[in-house]
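This report concerns only the one structure given below.
Both ligands and their constituent atoms are indexed starting at 1 by order of listing.
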Amino acid sequence: MQRKNIGRSDKLKNLISASVLSADMANLESEVRKLEENGIDMLHFDVMDGVFVNNISFGLPLLESIRKVTDMTLDVHLMITEPHRYAERFVKSGADILTFHIEAESNVLETIKSIKATGIKAAVSIKPATPAESVFEYLPYVDMVLVMTVEPGFGGQSFIPEMAEKVRIIRNKINELGLDTDIQVDGGIDGITSEIAKKAGANVLVSGSYLFKAENMAEAANHMREEVQC
Ligand code: DX5
Ligand code: ZN
């Protein structure tokens, strides 16, 4: 199967990444088809190890199975300790974008570089209590920063409004450095909070429960994608 892999230099402009955590896991292939038919840009794959976060989700075998049935961009969010130990395996299993938490890794820069060396996109993520400034030193090396807008671990939580300021601080720094790094937000993103996040400078929106519960998924995604005046 031809892989529609996002190239390293392709910009991710106001894209929607659907979190499969909210999908019907017993009918995953038809859920993936639904995402494709509704023009969803990426599939967000949440990996939880029960240690870094207080929940266990799924891992490499499921990613491999999804890779076999779709050419959608697979946006993998690792919520695991010592992500460098697994990075290569997630790339081999089909990740197109690999995101890990800086709180979980002792050698962040080396991990970023090892992901980039495989040819896919690398991203770092921060939990709500981690300050915006902690990602500054990595900005020249990553394709994307994921600002968690809920405490990682579960879908269906409410957006934490204070996280918008964090997005704004990181977007300003990206602009100051003359970079075009993407900012992704994840957690409690819906028709209203997506506006807040975009105004603050986010351009990749993860959505789980809102998207999967929407009566018209394509319409919900289009609404979230709309450009806003910053
Ligand atoms: C939470 C996950 C999210 C979650 C989003 O730890 O990283 O991706 O599935 O789900 P909603 O959109 O329902 O908050
Ligand atoms: Zn996620």
Side-chain angles (χ1 to χ4, degrees), residues 12 14-25 28 31-32 34-35 38 40-59 62-63 66 72-81 83 86-87 90 95-105 121-130 135 142-164 166-167 182-198 202-215 217 220-221 223-225:
L12 308 178
N14 281 3
L15 297 183
I16 307 302
S17 196
S19 176
V20 287
L21 207 55
S22 295
D24 176 358
M25 300 307 278
L28 207 45
E31 293 283 65
V32 171
K34 190 177 168 188
L35 298 178
N38 284 279
I40 303 304
D41 308 290
M42 312 197 283
L43 188 153
H44 185 81
F45 191 86
D46 286 307
V47 182
M48 304 177 184
D49 66 354
V51 179
F52 180 67
V53 291
N54 198 17
N55 197 9
I56 296 176
S57 58
F58 33 67
L62 191 65
L63 184 65
I66 295 177
M72 277 184 85
T73 296
L74 302 183
D75 162 36
V76 176
H77 177 193
L78 297 180
M79 284 164 275
I80 64 173
T81 51
Y86 299 93
F90 277 98
D96 295 304
I97 304 173
L98 194 56
T99 303
F100 67 93
H101 277 263
I102 64 168
E103 303 92 345
E105 182 54 63
K121 286 182 182 268
V124 286
S125 181
I126 46 173
K127 298 207 274 188
T130 305
V135 299
V142 290
D143 298 287
M144 185 172 82
V145 175
L146 164 54
V147 175
M148 286 306 298
T149 44
V150 298
E151 207 52 60
F154 299 89
Q157 303 181 74
S158 301
F159 178 87
I160 304 171
E162 291 76 24
M163 296 305 111
K166 208 193 260 189
V167 171
D182 295 296
I183 300 183
Q184 183 176 58
V185 282
D186 182 12
I189 300 297
D190 59 23
I192 295 164
T193 55
S194 57
E195 297 283 311
I196 300 169
K198 282 183 291 182
N203 66 304
V204 186
L205 312 172
V206 175
S207 184
S209 36
Y210 172 71
L211 208 55
F212 280 94
K213 278 187 198 149
E215 226 161 86
M217 189 185 261
H223 173 66
M224 288 195 286
R225 266 192 213 102

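A search for ring pair (Phe, Tyr, Trp, His ring centres under 6.0 Å) contacts involving Phe45 returns Phe58, not counting sequence neighbours.
Here the side chains of Met148 and Leu146 are in contact, with some heavy-atom distance below 4.5 Å.
Listed by chain and number, Ser19, Leu21, His44, Asp46, Met48, His77, Met79, Met148, Pro152, Gly153, Phe154, Gly155, Gly156, Asp186, Gly187, Gly188, Val206, Ser207, Gly208, Ser209 each place a non-hydrogen atom less than 4.0 angstrom from ligand 1.
For the atom pair His44 NE2 and Leu74 CG, the distance stands at 12.0 Å (nearest 0.5 Å). In this structure, OG on Ser17 lies 7.0 Å from CG on Leu43, to the nearest 0.5 angstrom. To the nearest 0.5 Å, atoms CD1 (Ile80) and CD (Glu105) are separated by 9.0 Å.
Ordered by chain and number, His44 NE2, Asp46 OD1, His77 ND1, Asp186 OD2 make up the set of protein N, O or S atoms under 2.8 Å of the Zn ion (ligand 2).
Relative to the ring axis of Phe212, Lys34 does not place its NZ or CZ within 45° and under 6.0 Å from the centre.
Taking a 6.0 Å sphere around CG of Asp24, one finds it holds more than 12 heavy atoms contributed by other residues, nucleotides or ligands.
Of the N and O atoms on the side chains of Ser57 and Asp46, not one donor lies less than 3.5 Å from an acceptor on the other residue.
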Going by atom type alone, with no hydrogens or angles, which donor-acceptor pairs under 3.5 Å involve a side-chain atom of residues 154-162 and a protein atom two or more places apart or on another chain?
from   : atom 1 : to     : atom 2 : distance (Å)
Gln157 : NE2    : Glu151 : O      : 2.8
Gln157 : NE2    : Phe154 : O      : 3.0

